[in-house]
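A short write-up of the structure that comes next.
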Amino acid sequence: MSIVPKETVEVIAQSIGITNLLPEAALMLAPDVEYRVREIMQEAIKCMRHSKRTTLTASDVDGALNLRNVEPIYGFASGAPFRFRKAIGHRDLFYTDDREVDFKEVIEAPLPKAPLDTEIVCHWLAIEGVQPAIPENAPLEVIRAPAENKPHEQKDGPLIDIRLPVKHVLSRELQLYFQKIAELAMSKSNSALFKEALVSLASDSGLHPLVPYFTNFIADEVSRGLNDFQLLFNLMHTVRSLLQNPHIHIEPYLHQLMPSVVTCLVSRKLGNRFADNHWELRDFTANLVAMICKRYGTVYITLQSRLTKTLINALLDPKKALTQHYGAIQGLAALGHNVVRLLIVPNLEPYLRLLEPELDDEKQKNQTKSYEAWRVYGALLRATGLCIHDRLKIFPPLPSPSPSFLHKGKGKIINTEPQKRKLSVDSSENRSPQKRLTTKDGPDGVQSQDHTGAALMEVDNPVENDKQPQNSAQPSSSEQTSDANESESRNGMVKESGRGRAITMKAILDQIWKDDLDSGRLLVKLHELYGDKILPFIPSTEMSVFL
Amino acid sequence: MDPEQINEFVVGYLKKKGFSSAAKDLEDFHHQNNGSSLSPIDYHNDPELTKLIRSFSQQEDDPTRYRECYSKLRSWAYNSLDLYKHELLRVMYPVFIHCYMDLVGKGHTQEARAFFNSFRKDHEMVHLRDLQKLEGVLAPSHLEEMEFARSLRKSKVNIKICQYSYDLLLQYLHRTESTLMLGIINEHINFQVYSGQPTSSSDDIEAVTIVGSFQDTANHINQKEIQWGLLEDSLEDRLEKTGGLLSDSEKGQGESKDDADDSKKRSTETGKQGSSIKKLKKDKAGNATAKVARLETSTVPPTPRVKPELALPVMSTDVEQSILEDLRNRVQLSSVAMPSVSFYTFVNTHNGLNCASISHDGSLVAGGFSDSSIKVWDMAKIGQTGSGALQGENDTNDPTIAPNGRRNYTLLLGHSGPVYSATFSPPGDFVLSSSADTTIRLWSTQLNANLVCYKGHNYPVWDVQFSPFGHYFASCSHDRTARIWSMDRIQPLRIMAGHLSDVDCVQWHPNCNYIATGSSDKTVRLWDVQTGECVRIFIGHRSMVLSLAMSPDGRYMSSGDEDGTIMMWDLSTARCITPLMGHNSCVWSLAYSGEGSLLASGSADCTVKLWDVTSSTKSTKAEEKNVSSNRLRSLRTFPTKSTPVHALRFSRRNLLFAAGAISKPAS
């Protein structure tokens, strides 16, 4: 039957004054009422569509009634939606809330604000197919919601993604393993078992899930156990083992690990007993740091620079304890000779001046202090000594493969004295630009392209020997080489082939001259500072040159 | 069974059916042969026959039988073989609505409603809107009154069905002796049986559309020849010619400038054809009939050219020159070169904006409001005062009112009902508006005044459109007609009648010889302007057609409907190339780019979409058979800030303008 019940028809009939409506008539009328209402709605929807709207309003119904030549229903403005209220006591009877309005109120009410006039604003919805991000356009998040959500999640991911799965994945065995290792590290004993554990840590595969736990554990324990020397040592051993393990990808955790390691290197106090050999710990840690730098320096470009900055700051701060200085020196020394040369050597003189009073037994009564000072001095000496040793070692002429020439050279140069040498350094420095010029002017002068290195030296040395008498202040081998080059160019031994190689060769030679000059000066300087203590570091051949 | 009883049945049946003489004869015959046992037809002993007779004698107008039979047929169809199921299910819908209408027609309102509600779900997906209409039919008188129902009752539905499905259906109907269903099927369905395998269910759109009586006529009408080619003397042609000149010789540029002043010079340059064009132009100015004598042979461009059937207005050389200049500077758009879209947002419309229109150069914007007013903005001026509003610097809330407080638009008052449509003449000097007050008014944008009021429609005029060359315009109305007018006459020149419901939108073909109309009867029709005849019926939409656009080459047409479907039609075959799905609300506006490679659509779902239409047209050429499988690509979607897109317009330089009223997000 019709959705309009016959009661509705009866009610409407009553409301317009028809009291004697037959029930049959109401029954007949109900379907027709429904049909007419549907008809009106259909027309109203048409009006709505032509008004380019998607919500039906009272004016649309009025329009539809107009279309059907029916008088529109007055009094319904297209405003807020009507509130239908339920008639109390009747389940299906609704009425609209029609308040009585007092005229006085309406008249006395202030005029409403005039509505804003219609305007047009213009903007670019798209420029050549791309929507500009301007406030007039829909926000980009809305546009690319599906596309952009994913990267966001991924960005947020790492913290959650790594920790949560690890937490869940961690098997019972791994948990036990971790507990055991932690126990052993905490046990403060250097037992055989712990050594075994370290070996296991350094070699076992499948420990990767534990890495975050170990880093956390180490960081916590180091910060807590600065007074416990053995613990610290054990922890550093653990770190070393972790670093050694080829199956562990420790890189993401380095940032957590490094502070603890550096602490063990330059902390003021490590261990609380006098017997604690914290020097050993510092040495060990210095090696550890060097190892990390060597391995991950390429990945974390800033790693080494940050580290050296920390260390050099510790070293150059006179307020810091000598133990800290020691750690810093050891750390820097472990990082390589270049670091020593660049960072320690320039500061060596002022630092030694600072250290001098501490070294003097008479001035420094405190035994411990004095001892520490001597340790620092020793460390410095070792660092710089190794540095100079290394430098002298890498330079070619003297350890050249032809011992016969070497001996010749040795025989001659052995007479050179340091003071003289110093002078020669100055002179050679003055001359060096000129020499460089020579090589630059004539790449043909660098004929070495078709000589092997050894052959070059073979040629060089005789020349050197020849020239030595003329220019006795010729201290360094590379200068000799260049002279040799010059002489060779003078000799007209020009080879045109392989220019490219010649150019690289030239660059290398340039560098070598410079370095060699530096190392020459360095050696002199060190000798000045350390006296004869530096001598053991000079290789015998060099020593012979030097002396 | 007792023979006497059978005799009674037969006689009763005959009497009831009104064959009184036959019944009488039979009775007489029985009386005569009372004694003898001989009977001419041994129906007493034939079990088949008795059964048949019994089924006939059952109470015919028992309303519950409809339900029974229909549900039986339904369950049978649903349990049929998968391969043939969709074809059999296709039969169900006409059976369903006719069962319902039979029940209503016999006065069983309650049963009809119950029947309708119980099976409504089956057909809702495809035929929702029809069902909504039919739902209200509750009395025999409604059937008479409602045109849709009447046309359904009168006409037969064509259903394509494969031989096997057809046999299956007949077998079933005979086996179960469901004469009721058989009757309905015989009466209202016209089977087109074909041999071979059943077709796939998705591609046959016509199969699911019941279009009243005109299915056959539509097929007939669509056989007519239409010439969708562009006009012979179009500006594009001229551009091509001048372009050819340019490439031939460097001095072409200068010439094309010269020809504004002295067109004869160019006509000598371009040769015979140019001179004929020039002559024609002059002829047109004087005597329209002279154009018949035009040379047909000269046109050999890729698209065929046709003669204008209307006397077209003369275009002033200035205007022509500026258009040519625009065409020369047109940006070539393609799937990789997207247009820029400039959006005009109406603010503070208070829900009153019924329509928006943008002039061909994008400088004028008109809005028609439900308070009967029309407001015209000159965006060029606003751009000056508003310090580069085109650059999008203006804040949405920033009022662009001139400092002296006066409004910066032109208010055109004259209508006495909501304004449903407005359109600019191609040069932008006139505005036409149509309103619920059944009139069309012509306004001058220079005088800012009403010039003419065209009365002719009897009901609200839903849409009005200027022809591509101006002077003529077409309107369409709730009175189910579309009309062609010229500016200088207050009576319509042609009345196009034929749609079964409101004509909701109208669009001119680029060659001005045809207009297309979209209607609430879910069809689009193409009409010959000269004869006023319907030349094409496009069937396929499932709801009211709201917007139309013609491709610039005149070959294709797109139509957008209430559900958000856009269909692209080939005018010559009257077939849908492919439906474009993507919008989820009414498509208010469609526009082709200048060279026809892109289609822009604006919708109530607050987006502008760009569609690549070149790929589809190419592939249709390549593989005519496989049309349904290839889809037009949706290239881009530009969401607006809760602004339904009312109007779209590609300028001649291929800048896309869009307009819409910002609506407060429902909260």
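Here is the naming used below: chain letters follow the sequence lines, and residue numbers restart at 1 for every chain.
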Please report the C-alpha distance between B:Ser593 and B:Asn654 in whole Å, then the side-chain angles of each, then the deciding distance to 0.1 Å, and finally whether the side-chain hydrogen bond (donor to acceptor under 3.5 Å, both in side chains) criterion is met.
CA-CA 6 Å; B:Ser593 68; B:Asn654 267 347; 4.7 Å; no
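- When every heavy atom of B:Gly417 is checked against every heavy atom of B:Ser435, the shortest pair comes out as O-OG, 3.1 Å.
- For the set B:His142, B:Met338, B:Arg636, B:Gln132, the entry with the most heavy-atom pairs within less than 4.5 Å of chain A is B:His142.
- With a threshold of 4.5 angstrom between heavy atoms, B:Tyr409 approaches chain A through side-chain atoms but not through N, CA, C or O.
- The side-chain heavy atoms of B:Arg480 and B:Tyr459, taken from C-beta on, include no pair separated by under 4.5 Å.
- Looking only at heavy-atom pairs under 4.5 Å with chain B, the residue among A:His50, A:Arg38, A:Glu43 that has the most is A:His50.
- Note on B:Glu562 versus A:Lys46: no salt bridge recorded, every NZ/NE/NH1/NH2 to OD/OE distance being 4.0 Å or above.
- When the candidates B:Leu353, B:Asp502, B:Val608, B:Thr349 are compared by the number of heavy-atom contacts under 4.5 Å with chain A, B:Asp502 comes out ahead.
- Residue B:Pro339 touches chain A through its backbone alone, counting heavy-atom pairs closer than 4.5 Å.
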side-chain hydrogen bond (donor to acceptor under 3.5 Å, both in side chains) between B:Asp437 and B:Ser416, worked out:
CA-CA 6 Å; B:Asp437 64 6; B:Ser416 58; 3.2 Å; yes
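- Ranking B:Asp504, B:Val137, B:Thr640 against chain A, the residue ahead of the rest is B:Asp504, based on heavy-atom pairs under 4.5 Å.
- Heavy atoms closer than 4.5 Å to chain A are found in the side chain of B:Ser501, but not in its backbone.
- Contact annotation for B:His646: both backbone and side-chain heavy atoms come within less than 4.5 Å of a heavy atom of chain A.
- Annotation: maximal heavy-atom pairing with chain A below 4.5 Å, among B:Glu135, B:His350, B:Lys133, occurs at B:Glu135.
- Residue contact with chain B, scored on non-hydrogen atoms closer than 4.5 Å, involves the side chain of A:Gln42 exclusively.
- At least one cation-pi condition fails for B:Lys609 and B:Phe638: the charged atom is not both under 6.0 angstrom from the six-membered ring centre and inside a 45 degree cone around its axis.
- In terms of non-hydrogen atom pairs under 4.5 Å with chain A, the most contact-rich of B:Gly352, B:Ala436, B:Cys355, B:Pro460 is B:Pro460.
- Side-chain atoms of B:Asn354 and B:Ser370 form no donor-acceptor pair, as typed in the model, at a separation below 3.5 Å.
- Among B:Ser477, B:Ser421, B:Cys476, the single residue meeting the side-chain contact (heavy atoms from CB on, under 4.5 Å) criterion with B:Val464 is B:Ser421.
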